[in-house]
Amino acid sequence: MSRQRRRRWLLTVLTGAVVVTGGIFAGWHYMQPKLVTYTAENGTEMKFKTDGDRFMEYGPDGTWREMFVKGVNLGATSPGYYPGEFPLTKEDYLRWFQQIEDLGANVIRVYTVHEPIFYSALVEYNRGREQPLYFIQGIWSPEEELIEKQDAYATHIEQTFKQEIEKAVSAVYGDADIPAKQGESSGKYKTNAGKYLMAWHVGTEWDPAMVDNTNAKHADVPQYKGVHFSASPEASPFENWLAELLDHTAVLEKKYGWEHPMTFTNWVTTDVLDHPGEPLYEEDLVSVDARHIQPEAWQGGYFAAYHVYPYYPDLFHIDKTLQTIKDENGEYNTYKSYLRKLKAEFSDMPVMITEYGVPSSLGISHLGMGGRNQGGHNEVEQGDIDASLTQDIYDEGYSGAIVFMWQDEWFKKTWNTMPLEIPADRRAYWLNVLTNEKMFGLLAMDPGKQEQLTIDGSLDDWNDLKDEEVTTWQGQVDGIQEMKMTHDEAYLYIGLTLDQPFDPAKTVLRIGTDTLAGGSQPDKLLPGGTLSDGLETVITLGQDEESQVEIAKDYDFNQRLYGKEGYDMLPDQQSDSADPFHPWNLAVSLRMTPPDTRSAHPFMNEKVGTLKRGTTAPGQSDTDSLTAWQYNGNQVEMRIPWMLLGFGDPSSLQAIDYGSLKNGREFSTVAVEGITLIPWLTDRATKKVSWPGGEQTTLDLKTLPVYRWQPWEQVQYSERLKLSYEKMKKSYEKIPSFQIE
C-alpha cells in the first residue's frame with residue numbers, strides 16, 4: 001500500500017470513528033432523563049410553586065405534587081479561611097454533593113453568592129439525574145450596616161442590598177462578570193443553574209432594635225405596591241421595605257423567563273408570637289410578619305422561613321406557656337410546642353424551618369429543655385437530637401427542614417468564648433472545641449492529627465508520626481518510664497508509659513501545666529511538694545467522675561470575667577472559694593434582673609473541664625467523639641483542648657495573661673515559649689506521691705523541659721462524616737419527600 005493510500009485509509013477510519021463516537025454520545029445524551037418543567041401560558045418556566053400552605057414540585061409525570069424539603073445549609077469556607085475568601089474547589093463541591101444526596105437531602109441552601117465553580121459544579125453533577133439536587137439561593141443583607149445605623153431606610157443600605165440581589169440573580173442564571181473585590185465572590189458566571197434553583201431566600205436574621213427603630217422613624221412610609229410583590233395595608237415600614245426587595249428580586253428573575261418561590265429570612269426573635277415568659281425585652285420586642293407581604297401575579301408563590309433552634313432564646317427553657325407537650329421521657333418538648341403555635345399562625349402559607357440543629361462540641365453556650373442544649377453533645381447525641389427536631393418539624397405540618405449545617409466552620413465564634421479567643425482574627429487557624437458554633441456540621445473538619453492518632457490508650461500509632469513531631473521526656477519519676485507530647489490545631493496530645501499497668505482505683509495520675517509566671521501551688525493535690533512557680537492548670541486522670549482539667553483560682557477566666565472584678569454575677573460562695581484550683585466552667589446564661597429585664601434569672605455556668613474516658617476508634621462500645629483519654633495496660637493517652645490550658649491562640653503561642661481585665665471586660669494575651677508539664681502519681685492507699693522532685697520537697701520548674709512548637713499560618717485538616725450523619729440519613733429516609741394523594 002502506497003503512503004498516499006495509507007493516509008487516505010487512516011483518514012477514513014478516523015472519520016468513521018469520530019462519527020460513530022459522536023453518534024453514541026448523541027444517543028446517550030438523547031436518552032438521558034430531562035428535567036421536566038411547567039410552562040405557563042405566558043411562557044414562564046416553573047419547577048416549584050406554593051399552593052395554599054403546600055410547597056409543590058412539578059413532577060416527571062407532568063403533575064404538581066406536594067413536597068417536603070429536606071436539606072442542609074452549606075457554607076463557603078474550609079479550615080484556615082474566613083467568609084469571603086472562597087477556598088472551595090470543584091472537587092470539594094462534587095464530593096459534597098454526592099454525600100449530601102446520599103444523606104437523603106433534596107436541597108442545599110447557600111447564604112450568599114458562591115464562586116462560579118459552585119454553579120457549574122452543581123449543573124455538572126445534576127446532568128442526567130432523574131432526581132436532581134436542588135439549591136436555595138440566599139441573598140446576604142448589609143447586616144453590619146443595618147445594625148450600625150439601626151435604620152433600614154438609611155442612605156445606601158437599600159442600594160447596597162439591591163446590588164447584591166442583582167448579583168445573585170445574574171449569577172444563578174449564568175449572566176454575570178463580576179470584578180474581583182476583597183471579601184466577595186467574583187468571576188465570570190457562564191453556567192445557567194436556574195433550572196436547579198428551588199427558591200430565593202432573601203436577607204439575614206433581623207436585629208430587633210433595628211426593626212423597631214426603622215418602624216418608629218418611618219411611620220409615614222407609604223404602602224409599597226410592586227409588580228410582583230406588594231405590602232398589605234397592615235404592613236409595618238420595615239415590612240414595606242422587605243416587600244420592595246422581594247419585588248425587586250422577582251422582577252429581575254422574570255427577565256430570565258423563570259418564576260421561583262420567594263421567602264425572606266426570619267427567626268424566633270422577630271416572629272409573630274407573643275412570649276410572656278421571655279425575660280429579655282429585645283427577644284420579644286417586635287414582629288416581622290410574612291403575612292403582611294403578598295405576591296402579585298407571581299405564580300411561583302411565596303412562603304415563610306424561620307430559623308428555630310431548641311435553646312435560643314431563653315424562652316425555650318423558661319417560658320411556661322410552651323410547657324404543654326411532653327415527650328416519651330415525660331419531659332416538656334417546648335420545641336414542638338413552639339412549632340405548633342407558630343404554624344397555627346400560617347394556615348394559608350407554607351412555612352419552612354431553614355435552620356435548626358445542635359453542635360457536637362465540648363463547649364456549651366445555651367440550655368434547652370430536655371437536654372437539647374447548644375453544645376455539650378457527642379456526635380451520636382447530636383444526630384439523635386437533630387433527627388428528633390426534624391421529626392417534630394415534619395409532624396407539625398411544615399413544608400421543609402434544612403439542618404444547620406453541612407460542614408464544621410473553624411472561623412465561627414460564640415458569645416461565651418469570644419472574650420478568650422485572642423487575637424480574634426486568628427480564629428480560623430485553630431479548632432477551639434469549646435466554641436460550639438464551630439462544630440454544627442454533619443461533616444467533621446478534623447484537626448491535623450485526628451486521622452493519625454486514635455485515642456484508645458495505646459501509643460502504637462504514635463510511632464507513625466515523624467520524629468520531629470514528637471517530643472519525648474524521660475525524667476526521673478518513680479513509676480513513669482517516659483512521656484510523649486505532640487499537638488495539632490485542636491489539642492495537646494500526651495502519652496505516658498508507666499512501670500505498671502494503670503489502675504484508676506489504686507492510682508491517680510496528675511499533670512500540672514505551667515505557661516506563665518504566677519498561678520497556684522498544687523497544695524492538697526500534691527501533698528508535701530512545692531513548686532518554684534505556680535501552675536495554671538492541673539489535669540487529673542483517675543475515676544471517671546474525677547477526671548478533669550482544673551484551673552488556678554487567680555487564673556480562672558470564668559471567675560475573673562463574671563466575678564467581682566468583672567460583671568459581678570457569680571454567687572459569693574463561688575467567688576470566695578479557698579480552693580487553689582477551680583472547676584473549668586463556661587457561662588451559659590447571664591444574670592437578669594428587672595427593670596432591665598421582664599423577670600429575674602440567675603447567672604448559670606456549666607462545667608466543661610470534665611475529661612471523658614473512651615475511644616475515638618469507630619464501632620466500639622465506648623466510641624465517643626468527645627473522648628479525652630484512655631488507658632491500656634501501662635500506657636495512658638490523652639488529648640487536652642488548647643483553651644482548657646489557657647491558650648487564646650495556640651497558632652501564635654498566645655496565652656491569656658494574669659493582668660487586670662481592660663474595662664472589666666477584656667482579657668489580654670502574652671506570647672509564651674510553650675508549656676512545662678509536671679507529671680506525678682499518687683497512690684490512693686498509701687498517699688505516696690511520685691513526682692519529678694523525687695525525695696525533695698521543692699522542685700525548680702526550670703529544670704524541666706518546655707514543650708515548644710512553631711507558630712503556624714497553614715492548617716492541616718481532614719474530612720470525616722460524623723456519626724450524626726448516619727442518624728440524619730435514617731431520619732431523612734423515614735420522612736417521605738412527596739405526599740401521595
Side-chain angles (χ1 to χ4, degrees), residues 49-55 139 141 146 150-154 157-158 161-162 165 199-251 261-276 278 281-308 315 321 338-354 397-399:
K49 70 174 185 177
T50 63
D51 181 10
D53 70 341
R54 301 185 300 168
F55 192 88
I139 304 176
S141 70
L146 282 166
Q150 292 288 291
D151 181 4
Y153 288 93
I157 285 183
E158 185 170 317
F161 206 161
K162 285 185 174 180
I165 292 171
W200 295 100
H201 206 301
V202 178
T204 47
E205 295 170 346
W206 310 114
D207 174 59
M210 178 274 296
V211 175
D212 190 55
N213 186 66
T214 297
N215 291 340
K217 194 171 181 178
H218 302 277
D220 58 348
V221 70
Q223 179 184 354
Y224 179 78
K225 295 184 178 180
V227 178
H228 296 298
F229 283 86
S230 297
S232 70
E234 301 83 13
S236 68
F238 184 79
E239 291 159 355
N240 272 275
W241 180 78
L242 273 177
E244 183 177 354
L245 293 167
L246 289 172
D247 189 49
H248 187 63
T249 309
V251 168
M262 297 275 182
T263 191
F264 65 84
T265 305
N266 211 347
W267 60 326
V268 178
T269 297
T270 52
D271 67 10
V272 297
L273 301 174
D274 292 323
H275 303 291
E278 169 55 47
Y281 290 112
E282 193 172 74
E283 298 293 359
D284 197 27
L285 176 66
V286 66
S287 292
V288 179
D289 195 337
R291 297 169 298 184
H292 293 167
I293 300 173
Q294 302 294 333
E296 304 275 355
W298 188 253
Q299 298 177 79
Y302 171 57
F303 64 99
Y306 280 89
H307 298 172
V308 185
L315 60 93
T321 65
Y338 174 85
L339 292 175
R340 185 169 297 178
K341 286 187 174 185
L342 182 66
K343 184 63 179 69
E345 297 290 325
F346 294 92
S347 58
D348 297 325
M349 181 186 295
V351 188
M352 286 190 200
I353 304 303
T354 54
Y398 285 75
S399 295

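Nearest heavy-atom pair, Gly203 versus Ser141, reported as atom, atom and distance to 0.1 Å: CA-CB, 4.1 Å.
To the nearest 0.5 Å, atom CG of residue Asn240 and atom OG of residue Ser230 are 9.5 Å apart. Rounded to the nearest 0.5 Å, atoms CG (Asn213) and CD (Gln150) are 6.0 Å apart. Rounded to the nearest 0.5 Å, atoms CG (Leu342) and CG (Asn266) are 9.0 Å apart. Interatomic distance, OG of Ser232 versus CD1 of Ile293, reported as 8.5 Å (0.5 Å rounding). Note that the OH atom of Tyr224 and the CG atom of Leu246 stand 9.5 Å from one another [nearest 0.5 Å]. The CG atom of Leu273 sits 5.5 Å away from the CD atom of Glu345 when rounded to the nearest 0.5 Å.
The aromatic rings of Trp241 and Trp206 stand perpendicular to each other, their planes meeting at an angle above 60°, with 30° marking the opposite boundary.
Counting only N and O atoms by type, the side chains of His275 and Thr321 include no donor and acceptor under 3.5 Å apart. Remark: the His201 side chain and the Thr265 side chain contain an N/O donor-acceptor pair separated by less than 3.5 Å.
Counting only heavy atoms from C-beta outward, the side chains of Phe229 and Thr249 never approach each other to under 4.5 Å. In this structure the side chain of Asp212 never reaches within 4.5 angstrom of the side chain of Phe238, judged on heavy atoms. The side-chain heavy atoms of Asp151 and His218, taken from C-beta on, include a pair separated by under 4.5 Å.
Taking the charged nitrogens against the carboxylate oxygens, Lys343 and Asp53 do have a contact shorter than 4.0 Å, which makes a salt bridge. Remark: Arg291 does not engage Glu234 in a salt bridge, criterion side-chain N to carboxylate O under 4.0 Å. Under the 4.0 Å criterion applied to side-chain N and carboxylate O atoms, Glu158 and Lys162 are assigned as salt-bridge partners.
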Intermediate values then yes/no, side-chain contact (heavy atoms from CB on, under 4.5 Å), Ser287 and Thr270: CA-CA 5 Å; Ser287 292; Thr270 52; over 6 Å; no

Identify every side-chain donor-acceptor pair in residues 296-306 under 3.5 Å, counting partners at least two apart or on other chains, and give the distances.
{"unit_1": "Trp298", "atom_1": "NE1", "unit_2": "His260", "atom_2": "O", "d": "3.0"}
{"unit_1": "Tyr302", "atom_1": "OH", "unit_2": "Ala290", "atom_2": "O", "d": "2.8"}

